[in-house]
> 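I have a structure I would like to understand better, so I am pasting it below and will then ask my questions one at a time.
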Amino acid sequence: MADKIELSKAFIETELPAAPPLYVSVYLMTLVVGRDSAKVAEKLHATESDVLRAWAYWMDRKVMQKGEENKHPQRRTLVSSERPEYSPAELSMYIKNQDVKNLFESAQKKLGKMLSHQDMSLLFSFHDWLGLPLDVIDLLLSYCAANGHTGMRYIEKVALGWAEEGIDTVEKAAESIELRKTGFRSILQAFGQNRLPVPAEETYMKKWLKEYKLPMELIKMACERTVLQTGKASFPYADSILRQWRDAGVKDAAGVAELDKAFAAKKNRNNQTGQKPVQKEPPKPKQNRFINYTQSEWDFAELERLEREQREKW
C-alpha cells in the first residue's frame, strides 16, 4: 500500500464536489491499494460493480487511465445470495450514472408506468446482484413487455433465468429470445397448445434443441406421435421417443421411416416364430334333463310315436 497519496488542487476544487461520494472513496482507495476491484470493494464494504462503475466514471473524466480495471466481475452464485435492497439515498447516487438513469427512463416507457422505489431497486439489482449488463436488462424489459408481461415478479423470474444461463451480452439475449419465440412456440403448437411454456417444459425443450441437437422436424414429429398415443401433451413421453431416435442416430424423417420399418419387420418375425395359439374344442351340446338325447339329435317322429303309445295306455 502507498504510504502517501497526492491530490491536485484542480481535482479537489473541480472533480471532488461534482462526483458521487462513493466514487470519490473508490478513487482514493484505488490510489492506496491499486487496481484490484475485489480488494477495493472489500475495503469500502461495497460491491465490485460499484468499483467498476466508479472507475468508468473517472476514466470518462480523464482522471484515470484505462487498463484491466474495465473487465466485468464474475457473476455471483445465486444459490447462497439474497437480492439486496437499496435505500433511496443509494439509488439517488446510482442514478447519477447516465446509463442507469437511461435504463430507468426506458423502463418507465416500456412498462407504461412511473417506477416506484421498489421497482428501481429491483431493476438495479439485476445489474448489481445478477451481473446483467444494463443494455441486456433493457432488452429483457422489451421482451417481457412485448409479450404482455409487465409485472415485476415475472420480469424478475426472467432475469434470474438469464443470469443462471449466463446471458451476459445482447447477442446471447437475442438468441435466447429467438429460441423462445420460434423454437418453443413451434414445439407447443405441435402438441396442439397455444400458450407460454412453464419452466419444466422449457427444460425439456432446451434439452431437445441444445443437448440432443435434433432438428425441429423430428421434435415436431415426436410431439405429434405423443398426442396420438397418449391423447395429451406429455413432455416425458415425447422425450422418450426423441431419446430413442437420438440413440439410433436418426437425423430426419427418412431415418424415422426406416426405424419404423425395421421395428415392424421385427414385430412380424416375432409373431411368425412364436407359439401358435391353442385351438379350443367346440363346446359340447347341452344335455336335456328329461330325455337321454342330445338336443341336436332329437328324432321328432320317434317322439310322436312314444307320445301316441302313452295316450293309448290312458
> Same cluster for I187 and I177 if Ile/Leu/Val/Met/Phe/Trp/Tyr side chains link at under 4.5 Å?
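Different clusters: I187 never reaches I177 through Ile, Leu, Val, Met, Phe, Trp or Tyr contacts under 4.5 Å.
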
> Under 4.5 Å between side-chain heavy atoms, counting indirect links through other Ile/Leu/Val/Met/Phe/Trp/Tyr residues: same cluster for L188 and V158 or not?
no

> Have S125 and D128 got a donor and an acceptor in their side chains that come within less than 3.5 Å?
no

> Just so I know, are the side chains of M205 and I219 near enough to count as touching, which here means a heavy-atom distance under 4.5 Å?
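Contact flag for M205/I219 side chains = no.
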
> Between S37 and W55, is there a side-chain heavy-atom distance shorter than 4.5 Å?
yes

> Would you check, one step at a time, whether the test side chain to side chain contact (heavy atoms under 4.5 Å, CB included) holds for I137 with H127?
CA-CA 8 Å; I137 299 172; H127 177 60; 3.7 Å; yes

> Is the count of non-hydrogen atoms from other residues, nucleotides or ligands lying under 6.0 Å from E42 atom CD greater than 12?
no

> Between F104 and F124, does the ring centroid distance fall short of 6.0 Å?
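Ring centres of F124 and F104 not closer than 6.0 Å.
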
> Under 3.5 Å, is there a donor-acceptor pair between the side chain of K210 and the main chain of K207?
no

> Do L28 and L52 sit in one hydrophobic cluster, given that two such residues count as connected whenever their side-chain heavy atoms are within less than 4.5 Å of each other, even indirectly?
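Hydrophobic grouping puts L28 with L52.
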
> Side chains of T150 and C144: does their closest heavy-atom pair fall under 4.5 Å?
no

> Between A19 and V24, which heavy-atom pair has the shortest distance, and what is it?
CB-CG2, 3.8 Å

> Kindly give the heavy-atom pair with the smallest separation between V136 and V170, and that separation in Å.
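Scanning both residues, the minimum pair turns out to be CG2-N, 3.7 Å.
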
> Hey, mind stepping through Y27 and L7 against side chain to side chain contact (heavy atoms under 4.5 Å, CB included) and telling me if it holds?
CA-CA 11 Å; Y27 177 71; L7 299 175; 4.0 Å; yes

> Donor-acceptor pair, distance only, cut-off 3.5 Å: does the side chain of T30 make one with the backbone of V26?
yes

> Please tell me if the side chains of L214 and L209 come closer than 4.5 Å, counting only heavy atoms from C-beta onward.
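No. Closest side-chain heavy atoms not under 4.5 Å.
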
> Got a sec, which residues hit ring pair (Phe, Tyr, Trp, His ring centres under 6.0 Å) with W245, two or more places apart in sequence or on another chain?
none

> Would a 4.5 Å heavy-atom cut-off, applied to side chains only, mark K113 and D119 as touching?
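They are in side-chain contact.
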
> Would you mind listing every salt bridge (Lys or Arg N to Asp or Glu O under 4.0 Å) that reaches into residues 247-268, with sequence neighbours excluded?
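The answer is R225-D260.
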
> Count the heavy atoms of every other residue, nucleotide or ligand shown that sit under 6.0 Å from NZ of K172, and state whether that count exceeds 12.
yes

> Using a 6.0 Å cut-off, check whether atom CD of Q189 has over 12 heavy atoms from anything other than its own residue.
yes

> Can E211 and K213 be counted as an ion pair, charged N to O under 4.0 angstrom?
no

> If we only count heavy atoms from C-beta on, is the Q108 to M114 side-chain gap below 4.5 Å?
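Yes - at least one pair of side-chain heavy atoms lies under 4.5 Å apart.
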
> Establish, yes or no, whether the cationic atom of R243 lies under 6.0 Å from the six-membered ring centre of Y212 and within 45° of the ring axis.
no

> L132 versus D168: any side-chain heavy-atom pair under 4.5 Å?
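SC-SC contact between L132 and D168 ruled out.
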
> Any chance you could measure M216, atom CE, to T182, atom OG1, to the nearest 0.5 Å?
6.5 Å

> So for atom CD, which belongs to Q98, do other residues, nucleotides or ligands contribute more than 12 heavy atoms lying within a distance under 6.0 Å?
yes

> Could you tell me the separation between the CG atom of L44 and the CE atom of M29, rounded to the nearest 0.5 Å?
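Interatomic distance, L44 CG to M29 CE, rounded to 0.5 Å: 4.5 Å.
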
> Can you name the one residue among R180, K206, R195 that meets salt bridge (Lys or Arg N to Asp or Glu O under 4.0 Å) with E201?
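The salt bridge (Lys or Arg N to Asp or Glu O under 4.0 Å) with E201 is passed solely by R195 among R180, K206, R195.
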
> Do the non-hydrogen side-chain atoms of I12 and S8 ever get within less than 4.5 Å of each other?
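Not in contact.
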
> Which value, rounded to the nearest 0.5 Å, describes the distance between R185 atom CZ and L179 atom CG?
12.0 Å

> Does any N or O in the side chain of T226 come within less than 3.5 Å of the main-chain N or O of A222, such that one atom is a donor and the other an acceptor?
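Between the backbone of A222 and the side chain of T226 there is a qualifying donor-acceptor contact (under 3.5 Å).
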
> With side-chain contact (heavy atoms from CB on, under 4.5 Å) as the test, pick out the partner of Y143 among L140, L141, L139, N147.
N147

> Look at the aromatic rings of H149 and Y154 and report parallel, tilted or perpendicular, splitting at 30° and 60°.
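Because their plane-to-plane angle is under 30°, the rings of H149 and Y154 count as parallel.
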
> Does the separation of the ring centres of F11 and W58 fall below 6.0 angstrom?
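Judged by ring-centre distance (under 6.0 Å), F11 and W58 do meet the cut-off.
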
> Please tell me whether V32 and V40 are part of a single hydrophobic cluster in this structure, the criterion being side-chain heavy atoms less than 4.5 Å apart.
yes

> First locate atom CG of D138, then atom CD of E105, and finally report the distance between them rounded to the nearest 0.5 Å.
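One finds 11.5 Å between CG of D138 and CD of E105.
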
> A quick test of your reading: do over 12 heavy atoms of other residues, nucleotides or ligands sit less than 6.0 Å from NZ of K220?
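No, because the 6.0 Å sphere around NZ of K220 holds 12 heavy atoms or fewer from other groups.
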
> Indicate the atoms forming the closest heavy-atom contact of P84 with S121, along with that distance.
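Closest heavy-atom pair between P84 and S121: O-OG, 4.2 Å.
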
> Can you see which heavy atom on S92 is nearest to which on I95, and at what distance?
O-CG2, 3.3 Å

> Any donor and acceptor pair, going by atom type alone, linking the side chain of H117 with main-chain N or O of Y86 inside 3.5 Å?
yes

> Strictly by ring-ring contact (aromatic ring centres under 6.0 Å, His included), give each pair with a member in residues 174-201 just once, sequence neighbours left out.
F191-F235

> Would you give the length of the straight line joining atom CG of L122 to atom CE of M152, rounded to the nearest 0.5 angstrom?
4.5 Å

> Heavy atoms only: give me the nearest A107-L123 pair and the separation to one decimal.
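Result for this residue pair: CB-CD1, 3.7 Å.
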
> Give a yes or no on whether the backbone of A190 and the side-chain of E224 come within a donor-acceptor separation of less than 3.5 Å.
no

> Answer yes or no: is there a donor N or O on one side and an acceptor on the other, between the side chain of E90 and the main chain of S87, under 3.5 Å?
yes

> Using the rule given for side chain to side chain contact (heavy atoms under 4.5 Å, CB included), can you reason through Y23 versus D50, listing the C-alpha separation, both sets of side-chain angles and the distance that settles it, and then say yes or no?
CA-CA 8 Å; Y23 290 6; D50 290 330; over 6 Å; no

> Output, in order, the C-alpha distance, side-chain angles, deciding distance and verdict of side chain to side chain contact (heavy atoms under 4.5 Å, CB included) for W129 and L160.
CA-CA 10 Å; W129 176 51; L160 285 166; 3.9 Å; yes

> When you measure from the side chain of S234 to the backbone N and O of T230, does any donor-acceptor pair fall under 3.5 Å?
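Checked: no pair found.
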
> If only side-chain N and O atoms count, and only distance matters, is there a donor-acceptor pair under 3.5 Å linking S106 with K110?
yes

> Heavy-atom count around R246 CZ within 6.0 Å, excluding the residue itself: above 12?
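Above 12, so yes.
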
